Amino acid sequence: MTTKRRLKPLDFGAEPMKIELGPSHPATHGITRFAIELDGEVVVKMEAEIGYLHRGFEKEAEATNYIKIMPYTDRLNYVSPLINNVGYALTVEKLFGVEAPPRAQFARVIMCEISRITDHLTCNGATAMEIGAMTVFLWFLKVREYLWECVEEVTGARLTTNWARIGGNANDLPDGFLPMLEDRLQKVEAVLLEGEALILKNRIFIDRVKDVGILSKERAIEHAFTGPMLRACGVPYDVRRADPYLVYDQLDFEIPVGTVGDCFDRFLVRQEEIRQSISIIRQASDKLPPGDFHCRDRRVWMPDKYEVFNSIEGLIDHFKIVMDGPQPPPGEAYQAVEGGNGELGFYIVSDGSGQPLKCRVRPPCFNFVAAMGEMTVGHYLADIVPIFGSINMIGGELER
């Protein structure tokens with residue numbers, strides 16, 4: 001381990017100074033508190049305290065039916081909500097034993113990868129901004145806006161998408177969407193190059209992130225890291241490859257990895273993952289087959305309004321879905337997807353009713369916050385900001 005930033009605490013012959021960073025500090029997102037002990041400006045101890053948000057997603061999910069839970073999943077990671085929608089839908093589909101049609105699966109992949117790009121653009125842009133590179137932040141958010149316009153074209157919303165459905169999607173990709181998306185992806189690629197040219201050789205940026213917040217491969221695994229945080233340490237684990245879902249096993253993509261596991265590696269890994277996501281979107285667009293955007297299983301399918309108004313069967317199906325919710329057979333299911341931050345898992349227990357008996361979420365960034373103390377001890381107080389920015393903590397996901 002390098003000692004470039006791991007300075008030896010100064011001996012002033014006094015007790016360490018105790019200070020609080022957050023929860024009101026802008027860099028802590030308003031919901032995280034760091035209790036820090038300093039010797040001079042060097043961190044000798046740091047504890048992260050969460051619990052200022054407490055969304056209560058899991059208990060909310062256990063108090064409503066399976067369909068009405070879908071909008072709640074948007075609020076877990078509100079920077080990449082479509083991945084949350086799809087992860088939850090796949091879990092309930094596993095309980096039912098149903099599968100979305102091929103066209104719906106390819107469309108899910110396209111929309112999930114758009115969400116991954118917007119997530120990484122937000123993280124890297126905000127990380128750069130918090131250490132002074134405001135221009136990069138504005139450039140990245142500019143192209144994020146282009147992609148959110150694509151999301152809005154499909155779902156009607158930008159953040160709270162509520163698009164996936166049990167057995168498929170709420171609607172098909174609209175006409176002209178894929179050419180529009182390709183145009184936006186080309187703009188993303190151009191801005192990635194511009195942003196990298198601006199900061200990857202900038203001495204100030206490099207000094208603020210290089211050899212900062214290092215965590216070894218072994219310690220990352222012990223902390224149960226996943227996603228870009230783990231891959232930055234050199235471990236090529238990706239749920240899309242390790243346990244394929246949807247149609248990811250039909251697509252070709254690389255898994256970027258780092259070498260040191262510092263803030264700089266995390267930045268670079270996310271940059272390359274954006275390019276891999278663009279490649280996945282193009283492959284899925286080329287292979288997008290014709291067909292339905294939702295399965296026609298009467299247990300989960302919400303009939304078209306024409307059927308509801310013109311047939312007794314459609315009216316009955318609609319009434320049962322709305323009033324009682326889908327009722328999967330008793331059992332349990334766990335489904336993991338590769339979220340913007342890592343492995344996002346849903347565990348649901350069914351007792352045969354229209355509401356889950358138990359719902360549990362595996363949020364990827366919970367483990368990262370738990371390791372903040374280990375990553376910051378020996379660094380300067382000012383280094384906490386880029387370290388915390390590099391883990392991409394999302395409050396709704398953390399305190400689900």
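Keep in mind that what you see is a predicted model, and the values were worked out from it rather than measured.
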Exercise for the section: Any chance you could lay out the salt bridge (Lys or Arg N to Asp or Glu O under 4.0 Å) test for Arg298 and Glu307, step after step, and finish with the verdict? Expected result: CA-CA 13 Å; Arg298 294 182 61 182; Glu307 292 185 50; over 6 Å; no

Handout entry: With Arg275 via side-chain hydrogen bond (donor to acceptor under 3.5 Å, both in side chains) - residues at least two apart
Key = Glu196

Handout entry: Centroid separation Phe388 to His29 less than 6.0 Å
Key = yes

Exercise for the section: Could you walk me through whether Gln355 and Tyr66 pass the side chain to side chain contact (heavy atoms under 4.5 Å, CB included) test, one step at a time? Expected result: CA-CA 6 Å; Gln355 297 180 184; Tyr66 286 93; 5.6 Å; no

Practice task
Decide side-chain hydrogen bond (donor to acceptor under 3.5 Å, both in side chains) for Ser279 and Gln283; before the verdict, give the C-alpha distance in whole Å, the side-chain angles of both, and the deciding distance to 0.1 Å.
Solution key: CA-CA 6 Å; Ser279 173; Gln283 293 176 60; 3.1 Å; yes

Handout entry: Reported CG-to-CG distance for the pair Asp351 and Leu357, which is rounded to 0.5 angstrom
Key = 5.0 Å

Exercise for the section: Report the C-alpha separation of Asp324 and Asn65 in whole Å, then their side-chain angles, then the decisive distance to 0.1 Å, and conclude whether the side-chain hydrogen bond (donor to acceptor under 3.5 Å, both in side chains) test is met. Expected result: CA-CA 7 Å; Asp324 300 329; Asn65 74 47; over 6 Å; no

Problem - Flag, side chain of Asn77 to backbone of Val79, donor-acceptor distance under 3.5 Å - result: yes

Fill in the blank from the handout: dist Lys94:NZ -> Leu90:CG (nearest 0.5 Å) comes out at 8.5 Å

Completion exercise
Closest non-hydrogen atoms of Thr160 and Asp74, given as atom of the first, atom of the second and distance, are C-OD2, 3.4 Å

Problem - Side chains of Ile391 and Met375 in contact at under 4.5 Å (non-hydrogen atoms) - result: yes

Practice task
Answer yes if Val385 and Leu38 sit in the same cluster of Ile, Leu, Val, Met, Phe, Trp and Tyr residues linked by side chain heavy atoms under 4.5 Å apart, and no otherwise.
Solution key: no

Exercise for the section: For side chain to side chain contact (heavy atoms under 4.5 Å, CB included), just list the numbers for Phe346 and Leu76, CA-CA rounded to whole Å, side-chain angles, deciding distance to a tenth of an Å, and then say yes or no. Expected result: CA-CA 12 Å; Phe346 290 88; Leu76 289 172; 3.8 Å; yes

Exercise for the section: State whether the side chain of Arg116 and the backbone N or O of Gly339 hold a donor-acceptor pair below 3.5 Å, judged by distance alone. Expected result: yes

Practice task
Would you check, one step at a time, whether the test side chain to side chain contact (heavy atoms under 4.5 Å, CB included) holds for Asn392 with Asp119?
Solution key: CA-CA 9 Å; Asn392 196 26; Asp119 196 299; 2.7 Å; yes

Handout entry: Residues forming a side-chain hydrogen bond (donor to acceptor under 3.5 Å, both in side chains) with Arg219, sequence neighbours excluded
Key = Glu222, His223, Glu374

Exercise for the section: Identify whether the distance between the nearest side-chain nitrogen and carboxylate oxygen of Arg360 and Glu58 falls below 4.0 Å. Expected result: yes

Exercise for the section: Measure from the ring center of Phe225 to the ring center of Phe368 and say whether it is less than 6.0 Å. Expected result: yes

Exercise for the section: Could you tell me whether Arg203 and Asp207 have a side-chain N and a carboxylate O separated by less than 4.0 Å? Expected result: yes

Problem - Pair Arg184 + Glu149: basic N to acidic O under 4.0 Å - result: yes

Problem - salt bridge (Lys or Arg N to Asp or Glu O under 4.0 Å) assessment of Arg266 paired with Asp262 - result: CA-CA 6 Å; Arg266 293 164 199 156; Asp262 58 3; over 6 Å; no

Handout entry: Check: Pro71 main-chain N/O paired with Arg75 side-chain donor or acceptor under 3.5 Å
Key = yes

Handout entry: Glu254 backbone acceptor or donor facing Gln276 side chain under 3.5 Å
Key = yes

Exercise for the section: Taking atom types as modelled, find out whether Asn162 and Asn85 have a side-chain donor-acceptor pair closer than 3.5 angstrom. Expected result: no

Problem - Arg103 with Asp172: basic N within carboxylate O range, under 4.0 Å - result: yes

Problem - Check: Glu182 and Ser285 side chains under 4.5 Å, non-hydrogen atoms - result: no

Exercise for the section: Show the numbers, then the answer: is there a side chain to side chain contact (heavy atoms under 4.5 Å, CB included) between Arg270 and Ile274? Expected result: CA-CA 6 Å; Arg270 287 189 175 95; Ile274 291 174; 5.7 Å; no

Problem - Thr122 side chain to Arg144 side chain, donor-acceptor N/O pair below 3.5 angstrom - result: yes

Exercise for the section: Report yes if some heavy atom in the side chain of Pro363 is under 4.5 Å from a heavy atom in the side chain of Leu344; otherwise report no. Expected result: no

Problem - Option among Val235, Leu215, Thr226 that satisfies the side-chain contact (heavy atoms from CB on, under 4.5 Å) test with Ile221 - result: Val235

Exercise for the section: Verify the cluster assignment for Ile166 and Tyr72: are they in a single hydrophobic cluster under the rule of side-chain heavy atoms below 4.5 Å apart? Expected result: yes

Practice task
Compare all side-chain heavy atoms of Glu93 with those of Val300 and state whether any distance is below 4.5 angstrom.
Solution key: no

Problem - Side chain Asp383, main chain Arg208, donor-acceptor under 3.5 Å - result: no

Exercise for the section: Answer yes or no: is there a side-chain heavy-atom contact under 4.5 Å between Cys263 and Lys210? Expected result: no

Handout entry: Donor-acceptor contact present, side-chain Ser80 to main-chain Ile83, <3.5 Å
Key = no

Exercise for the section: Run the salt-bridge test on Glu145 and Lys142 with the 4.0 Å N-O cut-off and return the result as yes or no. Expected result: no

Exercise for the section: Look at atom CD1 of Ile204 and say whether more than 12 heavy atoms of other residues, nucleotides or ligands are closer to it than 6.0 Å. Expected result: no

Handout entry: Lys287 vs Phe106 side-chain heavy atoms within contact, under 4.5 Å
Key = yes

Exercise for the section: Answer yes when Lys187 and Asp183 have at least one side-chain N-carboxylate O distance shorter than 4.0 Å, and no when they do not. Expected result: yes

Handout entry: Partner set under ring pair (Phe, Tyr, Trp, His ring centres under 6.0 Å) for Phe267, not counting sequence neighbours
Key = Phe205

Completion exercise
Heavy-atom nearest pair, Gly389 first then Glu130, reads CA-OE1, 4.0 Å

Problem - Audit row: Asn84, Thr73, side-chain hydrogen bond (donor to acceptor under 3.5 Å, both in side chains) steps and yes/no - result: CA-CA 6 Å; Asn84 309 329; Thr73 64; 5.9 Å; no

Problem - salt bridge (Lys or Arg N to Asp or Glu O under 4.0 Å) against Glu153, all qualifying residues, sequence neighbours excluded - result: none

Which atom pairs, donor and acceptor, lie under 3.5 Å between side-chain atoms of residues 242-253 and protein residues at least two apart or in another chain?
residue, atom, partner, partner atom, Å
Tyr245, OH, Glu338, N, 3.0
Tyr248, OH, Glu113, OE2, 2.4

Handout entry: Transitive ILVMFWY side-chain link Trp163 to Trp301, under 4.5 Å
Key = no

Problem - Whether Glu399 side chain and Tyr52 backbone form a donor-acceptor pair below 3.5 Å - result: yes

Practice task
State whether the number of non-hydrogen atoms from other residues, nucleotides or ligands found under 6.0 Å of Tyr334 atom OH is greater than 12.
Solution key: yes

Handout entry: Leu53 and Leu398, any side-chain heavy atoms less than 4.5 Å apart
Key = no

Handout entry: Salt-bridge contact Arg231-Glu343 (side-chain N to carboxylate O under 4.0 Å)
Key = no

Completion exercise
With sequence neighbours left out, the residues meeting side-chain contact (heavy atoms from CB on, under 4.5 Å) with Ala63 are none

Handout entry: pair Ile50-Phe366: side-chain heavy atoms closer than 4.5 Å
Key = yes

Practice task
Heavy atoms only: give me the nearest Pro356-Ala61 pair and the separation to one decimal.
Solution key: CD-O, 3.3 Å

